[in-house]
Amino acid sequence: MIEVKNLTKRYGDKLAVNNISFKVEKGEILGFLGPNGAGKSTTMNMLTGYISSTSGQILIDNVDILEDPKKAKANIGYLPEIPPLYVDMTVEAYLGFMYDLKKCKLPRKSHINDVCNLCKISDVKGRIIKNLSKGYRQRVGLAQALINNPPVLILDEPTVGLDPNQIIEIRTLIKKLGKRHTVILSSHILPEIQAVCDRIIIINKGEVAADGTADEIAKNITNEHKMTLRIEGETHTASDKKAITEALKKISGIKYVRADMEREKGIYDYDIETDGKTDVRRDINKVCAENGWNILMLQLSDLTLEDIFLKITMGEENISAKTSSSAKKSPKLDLKIENGELKASQISDDLPGAAEAEENKGGEE
């Protein structure tokens, strides 16, 4: 339904999107992710025909969006992050205007009523848009994207401004729409992408950094297969923990075991890493039963979408640096009172007079 071939966008010397290619099939919900400045918004704008590409091709239902933009755009329903609303119109008048603008051939009254019912805005059809809450405005924006029942829906942050109940309703609606439409969903709410989307593309530095389901991407970026075991022992002394660790290490398929913190009195967690090929859960249960250790939890520690996103967009070196930096000692501060306010400037251990230099740069906090 959507095919992107070698898409590139330059702004002068800046390469915003670098030769990306992907396909989205009919009935698929694609999550489109990327950090700020990665080229995500630029790609979305090119997909909708809002801006043109420097090179490459975008096909919407086999129609090139640059060669026949009118026909290609007729197949797209687009909800930008800020909905394109005429706030002095009533909801019904605005949707009627969008019906005419899109040259919709479906029965006018029944189609608009169906869209309003679908987006749950029937109760505000007669109200002026500027008097609606942000959540209702977002729903009206989604309704205009659905006018003319387009085969492709491109939704940029569709749940912004909605309350938790409305978010659940919109997510359910998007899933329902995915059965009849091709949907590209962009969101900074990573659990939302994981809950709704069939597939995920992560774009970073203008390139497709990952493409697949969350599980597929996780397997490609890490060889780690971890689980957390929570055990209650009779005493759980240091020697008990050592005995538990050694017993678990003997299980075939377990590569690494580490006793973690005490969760409750006498109850400890154990971090376990496996070879990823062997299902060790039954053997763990058997060993614990034989030794009288009560299993209170055994949980797979798979990478979350947030973990995946950080690994791809920050890189392992940056993550390690971020982790290690938090363990560094606190900086030395020079404290002064000026004009009745307490001010602090950092003192360098290496450079004498660094505090004074920092003050001259306006580095006080």
Side-chain angles (χ1 to χ4, degrees), residues 1-4 23-32 40-41 43-51 58-65 68-86 89 91-108 110-122 125 129 135-162 166 169-187 192-193 196-199:
M1 181 58 70
I2 300 175
E3 187 172 2
V4 175
K23 288 183 180 181
V24 193
E25 302 296 339
K26 184 178 180 180
E28 187 174 22
I29 304 176
L30 174 72
F32 202 59
K40 175 171 61 71
S41 295
T43 303
M44 297 274 283
N45 286 333
M46 288 189 286
L47 286 173
T48 58
Y50 183 68
I51 61 174
I58 297 172
L59 300 176
I60 307 293
D61 199 15
N62 294 319
V63 180
D64 190 305
I65 200 163
D68 195 346
K70 188 177 290 187
K71 185 176 180 180
K73 290 177 185 179
N75 291 322
I76 299 172
Y78 179 40
L79 172 63
E81 186 173 352
I82 300 174
L85 306 176
Y86 291 102
M89 300 175 76
V91 172
E92 192 168 22
Y94 169 70
L95 294 178
F97 169 73
M98 295 305 298
Y99 177 97
D100 293 332
L101 193 66
K102 295 184 178 185
K103 298 180 180 179
C104 183
K105 304 297 184 184
L106 297 169
R108 185 188 188 97
S110 62
H111 178 53
I112 292 176
N113 284 339
D114 288 344
V115 169
C116 288
N117 290 333
L118 197 59
C119 297
K120 296 194 174 180
I121 55 173
S122 297
K125 277 199 304 184
I129 293 173
Y136 268 115
R137 292 189 192 193
Q138 196 72 12
R139 289 172 181 236
V140 175
L142 181 57
Q144 66 79 27
L146 291 171
I147 292 291
N148 205 27
N149 197 25
V152 174
L153 291 173
I154 298 178
L155 311 177
D156 193 359
E157 302 286 349
T159 58
V160 168
L162 304 185
Q166 293 171 332
E169 289 172 358
I170 294 298
R171 287 180 184 175
T172 304
L173 173 58
I174 291 170
K175 280 187 173 181
K176 189 186 295 183
L177 292 171
K179 296 176 181 178
R180 294 176 292 164
H181 304 261
T182 299
V183 181
I184 295 182
L185 170 63
S186 173
S187 176
E192 179 169 273
I193 294 290
V196 173
C197 298
D198 306 313
R199 181 172 140 232

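Atom set for the values below is all heavy atoms of this structure, side chains included, hydrogens, waters and symmetry mates excluded. On a predicted model such as this, the values are computed, not experimentally measured, just so you know.
Distance check: Tyr94 OH to Ile147 CD1 gives 9.0 Å after rounding to the nearest 0.5 Å. Note that CD1 of Ile154 is 10.0 Å distant from CG of Asn45, once rounded to the nearest 0.5 Å. Atom NE2 of His111 is separated from atom CG of Asn148 by 6.0 Å, given to the nearest 0.5 angstrom. In this structure, CZ on Phe97 lies 11.0 Å from NZ on Lys102, to the nearest 0.5 angstrom. Remark: Ile129 CD1 to Glu92 CD distance equals 11.5 Å, nearest 0.5 Å. The structure places CZ of Arg171 at 8.0 Å from OG of Ser187, a figure rounded to the nearest 0.5 Å.
Counting only heavy atoms from C-beta outward, the side chains of Arg108 and Asp100 approach each other to under 4.5 Å. Considering only heavy atoms from C-beta on, Ile121 comes within 4.5 Å of Leu95 through its side chain. Contact of the Lys26 side chain with the Pro151 side chain is not registered, since no non-hydrogen atoms from C-beta on lie closer than 4.5 Å. Proximity of Leu185 to Pro158: side-chain heavy atoms (C-beta onward) are separated by under 4.5 Å at one or more points. Residues Ile58 and Asp64 fail the side-chain proximity criterion, which asks for heavy atoms closer than 4.5 Å.
Pairing each heavy atom of Gly135 with each of Gln166, the nearest pair is CA-OE1, 4.2 Å. Heavy-atom minimum distance, Ala145 versus Pro150: O-CG, 3.3 Å.
One N or O on the side chain of Tyr99 and one on the backbone of Leu106 form a donor-acceptor pair closer than 3.5 Å. With Arg180 contributing its side chain and Gly27 its backbone, the two residues share no donor-acceptor pair below 3.5 Å. Judged purely by atom type and a 3.5 angstrom limit, Thr182 uses its side chain to pair as donor or acceptor with the backbone of Glu25.
Evaluated for a side chain to side chain contact (heavy atoms under 4.5 Å, CB included) with His181, the options Val152, Asn149, Ile174 yield exactly one hit, Asn149. Val24 pairs in a side chain to side chain contact (heavy atoms under 4.5 Å, CB included) with only one of the listed residues (Leu47, Ile184, Val183), which is Ile184.
Applying the salt bridge (charged side-chain N to carboxylate O under 4.0 Å, His left out) criterion to Arg137, with sequence neighbours excluded, gives no partner residue. For Asn113, the side chain to side chain donor-acceptor pair (under 3.5 Å) partners two or more places apart in sequence, or in a different chain, are Lys125. Evaluation of the side chain to side chain contact (heavy atoms under 4.5 Å, CB included) rule for Asp198 yields Glu28, Ile29 as partners, not counting sequence neighbours. Looking at residues two or more places apart in sequence or on another chain, you find a salt bridge (charged side-chain N to carboxylate O under 4.0 Å, His left out) between Lys23 and Glu3.
Within the structure, every pair that satisfies the salt bridge (charged side-chain N to carboxylate O under 4.0 Å, His left out) test and touches residues 138-152, not counting sequence neighbours, is listed here: Arg139-Glu169.
Shown here is Ile82, whose CD1 atom has no more than 12 heavy atoms of other residues, nucleotides or ligands within 6.0 Å.
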Apply the test side-chain contact (heavy atoms from CB on, under 4.5 Å) to residues Phe32 and Asp156: give CA-CA distance (whole Å), side-chain angles for both, the deciding distance (0.1 Å), then the verdict. CA-CA 9 Å; Phe32 202 59; Asp156 193 359; over 6 Å; no
side-chain contact (heavy atoms from CB on, under 4.5 Å) assessment of Leu118 paired with Leu142: CA-CA 10 Å; Leu118 197 59; Leu142 181 57; over 6 Å; no
Tabulate below the donor-acceptor pairs under 3.5 Å that side-chain atoms of residues 68-80 make, not counting sequence neighbours, or state none.
residue, atom, partner, partner atom, Å
Asp68, OD1, Lys71, N, 3.4
Lys73, NZ, Gly49, O, 3.4

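With 3.5 Å as the limit, one finds a donor-acceptor pair spanning the side chains of Glu192 and Thr159.
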